[in-house]
There are 2 protein chains.
Amino acid sequence: MSATTDRFLRPLLRRLQSTATFSDTVIRTFAELPITIRDFEPGQDILRDGDRPEHCAMVVEGWVCRLKLLPGGGRQIIAFHIAGDMPDLQSLHLGVMDHGLSAVTPATVALIPHDALREQTARRPELAALLWRETMIDAAMFRGWLTAMGRRTAYGRAAHLFCELYLRQRAVGLAEANLCPMPLRQTDLADAMGLTAVHITRTIGALRRAGLIDLQARALTIRDWDGLCRVAEFDPSYLHLKGVAD
Amino acid sequence: MSATTDRFLRPLLRRLQSTATFSDTVIRTFAELPITIRDFEPGQDILRDGDRPEHCAMVVEGWVCRLKLLPGGGRQIIAFHIAGDMPDLQSLHLGVMDHGLSAVTPATVALIPHDALREQTARRPELAALLWRETMIDAAMFRGWLTAMGRRTAYGRAAHLFCELYLRQRAVGLAEANLCPMPLRQTDLADAMGLTAVHITRTIGALRRAGLIDLQARALTIRDWDGLCRVAEFDPSYLHLKGVAD
DNA sequence: CGCCAAATTGAGGCATCTCAAATCCGGTGG
DNA sequence: CCACCGGATTTGAGATGCCTCAATTTGGCG
């Protein structure tokens with residue numbers, strides 16, 4: 001197996017195995033996909049609203065985000081993605097991007113040509129079902145965020161996001177006990193939560209003073225997981241992770 | 001073809017044809033699915049958070065909504081669905097419901113057994129791709145709502161929801177020119193937009209006074225479509241309808 | 001060591017909420 | 001056909017969460 005394929009396969013399988021069960025045949029199919037790998041700078045666009053991409057991306061390393069820009073200047077981050085995620089899987093069957101994709105940190109991304117992926121999913125129902133399931137989880141996470149935006153206060157919303165990002169990283173082996181990377185600037189957090197950077201500062205300060213978390217040096221420390229979950233009204237079932245009964 | 005099958009097929013095809021192109025073989029496959037039909041009262045639960053359904057639903061008639069309830073009493077409506085929509089397609093591959101499904105109006109729903117649907121999608125890649133695409137659009141609509149919640153004021157958010165609900169109904173032949181059913185109570189609108197029923201009253205009043213819409217007798221009249229779109233910062237591409245270039 | 005971006009703090013303003021009262025409306029019984 | 005009832009909508013007034021703008025501090029990095 002080539003080094004490129006290995007870099008691609010390792011995070012992908014880690015991610016898929018955190019939510020689903022599948023056969024070695026599927027793994028072999030992944031291994032044969034003609035992928036290429038590209039690096040991006042922080043803030044660099046990977047795909048723009050309106051693009052018609054010819055391949056799907058998978059995050060090999062670093063963080064990327066999906067975002068929608070409004071004519072009036074509004075900026076809404078709709079998802080963060082880490083190693084193993086496929087942030088634009090929908091481009092396989094929806095021609096036009098209805099949002100953008102950019103690197104948050106320095107990021108390495110594997111590109112899978114649409115035609116190869118279409119051919120393989122048409123040939124292998126198990127593969128199609130597995131990736132279809134990923135789309136379903138994508139939608140489930142939007143539901144989680146939507147509920148956070150609509151019915152949680154800034155305080156609970158921030159707690160909720162930290163719960164999610166910690167659990168997702170832990171599920172793919174990127175977190176230690178009560179500690180995980182958190183490379184987001186307060187601007188990013190603000191645009192993800194529909195708040196202002198200023199208010200994010202105050203909100204994080206409140207979470208810290210409540211003894212729930214610490215946030216420094218691009219890392220999140222969970223000081224009181226149960227307390228954080230309570231404040232967040234956090235129910236991890238929307239992540240559809242294997243460990244959490246599905 | 002049985003009357004039951006006909007009631008099921010007509011709205012489903014209308015919906016699918018509004019966004020995608022597909023073969024007669026797929027239609028025949030749909031026609032052979034062993035569906036059953038059930039009626040629901042307004043407010044009645046169709047599926048609850050935590051359920052493990054054995055079939056997918058398709059709306060034959062009426063409106064249903066999907067919603068998430070928070071332990072603290074919060075209630076967030078995450079989607080409205082009309083005839084032809086499949087509001088719990090994700091239950092095909094995600095075991096547990098992470099949200100509920102209830103009838104908004106008196107509603108008729110067709111139930112498609114999971115095993116039949118799994119068998120047919122495994123056998124027919126075109127069918128799988130078509131429904132997978134529906135899941136992708138589902139996710140796209142959540143992105144649209146998420147952005148509305150995060151970065152639009154109550155005024156723009158309401159305008160946005162009305163734009164969407166009008167276009168979606170028109171796409172499946174349920175709207176006349178500048179007029180469509182709108183059977184939602186202000187409580188429903190409030191829970192969908194993350195606002196209060198009281199504030200919905202004031203917001204709709206403002207839209208009316210601005211000469212953009214009228215809302216009475218469970219019907220929405222569009223008085224100024226361009227103006228409404230401008231206020232909403234509405235870009236219909238997230239609906240991935242055929243008419244709107246995809 | 002100094003620079004620039006990011007984070008923090010303060011003060012005043014506005015959008016939306018809460019609570020409470022009044023009115024409207026659709027359906028039902030007389 | 002009218003009177004009534006309960007749920008839905010509307011209106012008012014005061015409270016609050018988050019925003020805006022502006023100034024200051026911190027921290028990573030050349």
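Keep in mind that what you see is a predicted model, and the values were worked out from it rather than measured. Residue numbering restarts at 1 for every chain, and letters A, B, ... go by the order of the sequence lines.
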Ignoring backbone atoms, establish whether [X] has a side-chain N or O less than 4.0 Å from OP1 or OP2 of [N].
X: B/Thr153; N: C/dT16; value: yes
X: B/Thr196; N: C/dT16; value: no
X: A/Thr201; N: C/dA7; value: no

Calculate the interatomic distance between [X] atom [atom1] and [N] atom [atom2]; express it in whole Å.
X: A/His199; N: C/dA7; atom1: NE2; atom2: P; value: 16 Å
X: B/Asp188; N: D/dG7; atom1: CG; atom2: P; value: 16 Å
X: A/Gln216; N: C/dT8; atom1: CD; atom2: P; value: 10 Å
X: A/Arg218; N: C/dA7; atom1: CZ; atom2: C1'; value: 10 Å
X: A/Leu195; N: C/dA15; atom1: CG; atom2: P; value: 17 Å
X: B/Leu184; N: D/dT9; atom1: CG; atom2: P; value: 10 Å
X: B/Arg185; N: C/dC25; atom1: CZ; atom2: P; value: 18 Å
X: A/Ile204; N: D/dC18; atom1: CD1; atom2: P; value: 14 Å

[X] [atom1]: over 12 foreign heavy atoms closer than 6.0 Å:
X: A/Glu176; atom1: CD; value: no
X: A/Arg230; atom1: CZ; value: no
X: A/Arg208; atom1: CZ; value: yes

Angle between the two end axes of the helix from C/dC1-D/dG30 to C/dG30-D/dC1, five base pairs per end, rounded to 10 degrees? 40°
Taking ring pair (Phe, Tyr, Trp, His ring centres under 6.0 Å) as the test, write out the residues that go with A/Phe162, two or more places apart. none
Would you call the rings of A/His160 and A/Tyr238 parallel, tilted or perpendicular if under 30° counts as parallel and over 60° as perpendicular? parallel
Please find the pair of heavy atoms, one from B/His55 and one from B/Ser91, that lie closest to each other, and give the distance. O-OG, 3.8 Å
Which atom names give the shortest non-hydrogen contact between B/Thr108 and B/Asp39, and what distance separates them? OG1-OD1, 2.8 Å
Answer with base, sugar-phosphate or nothing: what part of the nucleic acid does A/Ile200 contact at a heavy-atom distance below 4.0 Å? nothing
Main chain of B/Leu69, side chain of B/Gln76: is a donor-acceptor contact present, judged purely on distance under 3.5 Å? no
Checking the side chain of B/Arg168 only, and the main-chain atoms of B/Phe80 only, is there a donor and an acceptor separated by less than 3.5 Å? yes
By nearest-nucleotide position on DNA chain C, the 5'-leaning member of A/Arg151 and A/Thr187 is A/Thr187
Spell out protein contact along nucleotides 21-30 of chain D as letters: B when the base is contacted, S when just the sugar-phosphate is, - when no protein heavy atom is under 4.0 Å; keep the 5' to 3' order. B---------
Here's a test of your reading of the structure: between B/Arg208 and A/Thr203, which maps to the more 5' nucleotide of DNA chain D? B/Arg208
